[in-house]
Structure formats: structure tokens, C-alpha cells
Number of protein chains: 2
Amino acid sequence: MDSENVMTIREMCEAFDVTPRTLRFYEAKELLFPLRQGQRRLFTRRDRGRLKLILRGKRFGFSLEEMRQLLDLYDRGDAQEEQLRRTYEVARERLAQMESQRDELNEAIEELRGQLEWGAEMIASFRRPAAE
Amino acid sequence: MDSENVMTIREMCEAFDVTPRTLRFYEAKELLFPLRQGQRRLFTRRDRGRLKLILRGKRFGFSLEEMRQLLDLYDRGDAQEEQLRRTYEVARERLAQMESQRDELNEAIEELRGQLEWGAEMIASFRRPAAE
DNA sequence: AGCAAAGTTGACGTTAACGTAAGCGAAACG
DNA sequence: CGTTTCGCTTACGTTAACGTCAACTTTGCT
């Protein structure tokens with residue numbers, strides 16, 4: 001399917017279900033580094049690995065900037081011990097954020113549900129509070 | 001504290017813990033309709049009631065536009081039956097949205113937690129997938 | 001009178017992650 | 001050789017909810 005283990009932008013789009021714009025955007029943000037054959041981009045296996053991680057990160061709620069930092073950290077591949085711990089921390093922080101976000105959401109849900117259970121009372125709370 | 005049951009912008013800010021910019025913004029978006037004494041805004045009891053509901057709505061995750069529509073709906077105060085039901089529906093839809101959002105969040109949390117429990121495996125997933 | 005405080009109206013800036021369109025070059029196909 | 005097709009770059013648009021000036025006018029107080 002590919003002569004030298006590289007993929008065109010369109011092949012990438014189909015493989016990962018993203019738009020060309022997205023790939024170019026990621027390159028501009030220095031998340032991917034496709035080779036060039038003249039003007040055209042050729043995505044290597046490395047790019048594919050990075051993209052996979054980027055998309056996984058997105059599911060976890062990491063921003064592109066956070067993912068870039070994580071990827072860069074390990075691309076240098078030095079000072080392993082320390083770097084690995086940092087990543088681990090970042091991931092755990094993110095987990096904590098997500099949990100607190102979920103809790104907030106749950107509170108809001110409970111509050112709203114409470115109003116709904118009061119039936120018409122809830123609706124009344126949306127009405128003009130007393131006439132003037 | 002107020003001659004005719006109206007409040008200045010600053011009094012409102014302190015009472016509701018918002019900035020002047022916010023109140024002017026809400027007015028621009030037709031969520032509030034303060035009176036004018038020359039140039040200055042005077043917020044009535046009605047504005048305070050609306051603001052209270054707006055802030056409550058925000059806690060529930062309603063957008064300002066959604067709140068505007070709800071408030072407008074009841075400001076006209078006609079066709080009560082139908083309107084009330086519409087509001088009720090909107091609220092329930094929002095509740096459903098929030099619940100599905102929470103569920104997604106939970107999935108992401110579980111997924112991330114799963115990786116963390118695998119300890120170093122998780123970290124490895126952030127490393128460059130094999131050298132070239 | 002004089003000055004600081006409070007208020008006002010623009011209007012541009014911010015953030016994220018792309019969408020979208022214009023205008024152009026190269027390449028593959030028949 | 002002509003024409004789709006693919007791709008490229010540049011650059012403005014989008015969305016929400018305000019933040020942050022700048023440049024005035026008005027009020028309140030001494």
C-alpha cells in the first residue's frame with residue numbers, strides 16, 4: 001500500500017478519520033513532522049505513532065499543547081527516570097481534574113433533577129419572579 | 001439602601017459577584033433591561049430576578065442564549081400551558097445532555113485509570129513507539 | 001472650584017482547534 | 001495534451017463570554 005512505509009495525507013485521513021486540515025494543523029503546532037517529497041507531505045510510521053497518541057490524549061481531555069509537551073519530552077529520550085515520573089504525574093493530575101469535573105457535573109445534575117422532581121415548582125422558578 | 005428599589009451597577013456587582021462588564025454584556029445580549037437615569041443604569045427588582053435565574057442557569061450549563069430564550073418565553077406570559085411545557089422539556093433535555101456528558105467523562109476516567117493501574121505500561125504508551 | 005470616583009461607550013483581545021475558501025502547482029489518467 | 005484530482009499555502013472565520021484598554025462625561029465631596 002505504500003512504497004517506503006510512508007503515507008499520503010489522504011491515506012492518513014482515512015486511516016485515522018481526521019481531515020487534511022487537522023494534519024496540517026498538527027504539523028504547524030509541531031506535533032507531527034512529515035517528510036516532504038517536493039511539496040507533498042509523507043507521513044512516517046513515527047508520525048502515525050504520534051498521531052495515535054495525540055488522539056488518545058484527546059479522549060482523555062489533554063490539550064494539544066499538553067500532548068506536544070509529553071511527546072517532546074520522550075522524543076528526546078534522555079533522563080528517562082525523571083521524565084517518566086513527570087508524565088505519570090501529569091496523567092494523574094489530569095485524572096484528578098476529570099474526576100472533580102465529573103463531580104461538579106453530578107452536583108449540577110442533582111440540583112437540576114431536584115428542581116424537576118418538584119415538577120411545576122421548577123417551572124415557576126423560570127418565571128418572572130412576582131409582578132412589578 | 002436604594003431610593004426606589006433600584007440598584008446601581010456596582011451594588012449589583014457586589015450583590016451577585018459579577019463584574020460591570022458582565023452586566024453590560026448581559027444587557028447587550030438582551031438578558032437584562034436596566035432603566036436609565038441619564039446615562040447610568042439602574043437595575044430593577046426584575047433585573048435582579050432575571051440575573052439570579054441566569055446565574056442559576058449557568059450552573060446548570062445553560063448558555064446565555066438558552067437562558068434568554070427561556071426568560072423571553074415567560075416574559076411574554078401568554079399561552080402559559082404550552083410555554084411551560086416547552087421549558088420543562090428544555091430542562092429535561094439539558095439534564096439528559098449533562099448525564100451523557102458525565103457518562104463520557106466517566107468512560108474516559110476509567111480508560112485513563114486503567115492505564116495508570118498498569119503503572120509503567122501507561123508511561124510506555126507515551127513513548128515513541130519503537131525507534132526508526 | 002477642583003479633583004477623584006463612578007459610570008459610559010466603543011472596540012479590539014483572548015482561547016482552542018480547526019473550518020472554509022481562494023488561488024495556484026503538480027501529477028495521474030485517458 | 002487536456003482535465004480532473006490531489007495537494008499546497010495563506011489567511012480570515014468561528015464560538016462563548018467576557019477582559020481590557022482608551023477616551024470621555026458625570027457626580028460626589030471637600
Side-chain angles (χ1 to χ4, degrees), chain A residues 1-3 6-44 47 50-51 53-71 94 97-98 101 108, chain B residues 1-4 6-44 47 50-71 94 97-98 101 108:
Chain A
M1 310 296 178
D2 50 314
S3 54
V6 292
M7 289 170 68
T8 72
I9 200 168
R10 198 143 300 275
E11 290 171 330
M12 287 290 281
C13 291
E14 282 166 27
F16 292 93
D17 192 34
V18 295
T19 70
R21 179 69 177 94
T22 297
L23 295 176
R24 295 190 195 109
F25 182 74
Y26 288 175
E27 181 186 7
K29 290 289 179 178
E30 304 193 89
L31 286 153
L32 299 178
F33 310 93
L35 302 174
R36 293 303 176 108
Q37 179 183 13
Q39 281 286 64
R40 332 200 106 141
R41 293 170 174 79
L42 289 179
F43 296 84
T44 68
D47 289 312
R50 293 176 71 97
L51 180 54
L53 293 179
I54 292 165
L55 297 178
R56 174 186 299 181
K58 289 195 64 181
R59 290 207 312 280
F60 293 162
F62 287 92
S63 69
L64 292 183
E65 175 57 18
E66 286 172 317
M67 287 309 295
R68 191 186 62 72
Q69 287 177 26
L70 287 177
L71 289 170
R94 187 87 263 277
Q97 281 174 34
M98 289 169 71
Q101 193 183 328
Chain B
M1 309 295 178
D2 50 317
S3 54
E4 201 209 30
V6 292
M7 291 169 66
T8 72
I9 201 168
R10 198 144 299 276
E11 291 171 329
M12 287 291 281
C13 291
E14 283 165 27
F16 292 94
D17 191 35
V18 294
T19 70
R21 179 70 176 93
T22 297
L23 295 176
R24 295 190 195 108
F25 181 75
Y26 287 175
E27 182 186 7
K29 291 287 178 177
E30 303 195 89
L31 285 152
L32 300 178
F33 310 92
L35 303 173
R36 292 306 176 106
Q37 178 184 9
Q39 282 287 67
R40 336 201 99 145
R41 293 169 174 79
L42 289 178
F43 295 84
T44 67
D47 289 312
R50 294 176 71 97
L51 180 54
K52 188 176 174 184
L53 293 179
I54 291 165
L55 297 178
R56 174 186 297 181
K58 288 195 66 180
R59 289 206 313 280
F60 293 162
F62 286 90
S63 68
L64 292 183
E65 175 56 18
E66 285 173 318
M67 287 310 294
R68 189 187 63 71
Q69 288 177 25
L70 286 176
L71 289 169
R94 188 86 261 279
Q97 279 173 33
M98 290 171 69
Q101 193 182 329

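Order of the sequence lines fixes the chain letters, A, B, ..., with proteins taken first and strands second; residue numbering starts at 1 for each chain.
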Starting at CD of B:E27 and ending at C1' of C:dT9, how long is that distance when rounded to a whole Å? 11 Å
According to salt bridge (Lys or Arg N to Asp or Glu O under 4.0 Å), who are the partners of A:E27, at least two apart in sequence or on a separate chain? A:R36, A:R41
For A:T8, is there any backbone N or O sitting under 3.5 Å from a side-chain donor or acceptor partner on A:E11? yes
Rounded to whole angstrom units, what separation is found between the CZ atom of B:R36 and the P atom of C:dT8? 7 Å
Contact nearer the 5' end of DNA chain D, comparing B:S63 with A:T8: A:T8
Closest approach of B:A15 and B:M7, non-hydrogen atoms and distance? CB-CE, 3.8 Å
Does the pair A:L51 and A:D47 meet the rule for a side-chain contact (heavy atoms from CB on, under 4.5 Å), with working shown? CA-CA 6 Å; A:L51 180 54; A:D47 289 312; over 6 Å; no
Between B:L53 and B:M67, the two heavy atoms sitting closest are O-CE, 3.2 Å
Per nearest nucleotide of DNA chain D, the residue lying toward the 5' end, B:Q37 or A:F43, is A:F43
Can you list the steps and then say if B:F25 with B:T19 is a side-chain contact (heavy atoms from CB on, under 4.5 Å)? CA-CA 10 Å; B:F25 181 75; B:T19 70; over 6 Å; no
Summarise protein proximity over nucleotides 18-24 of chain C in one line of letters, 5' to 3': B for base, S for sugar-phosphate only, - for none, counting protein heavy atoms closer than 4.0 Å. BBB----
What are the 5'-most and 3'-most nucleotides of DNA chain D lying under 4.0 Å from any heavy atom of chain B? D:dA17 to D:dT27
Which pair of non-hydrogen atoms, one from A:R50 and one from A:L31, has the smallest distance, and what is that distance? NE-O, 2.8 Å
Residues A:C13 and A:P20: closest non-hydrogen pair is SG-N, 3.4 Å
With sugar-phosphate meaning primed atoms plus P, OP1 and OP2, does B:R24 contact a base, only sugar-phosphate, or nothing at under 4.0 Å between heavy atoms? base
When rounded to whole Å, the CG to C1' distance for the pair B:L42 and C:dG7 reads 11 Å
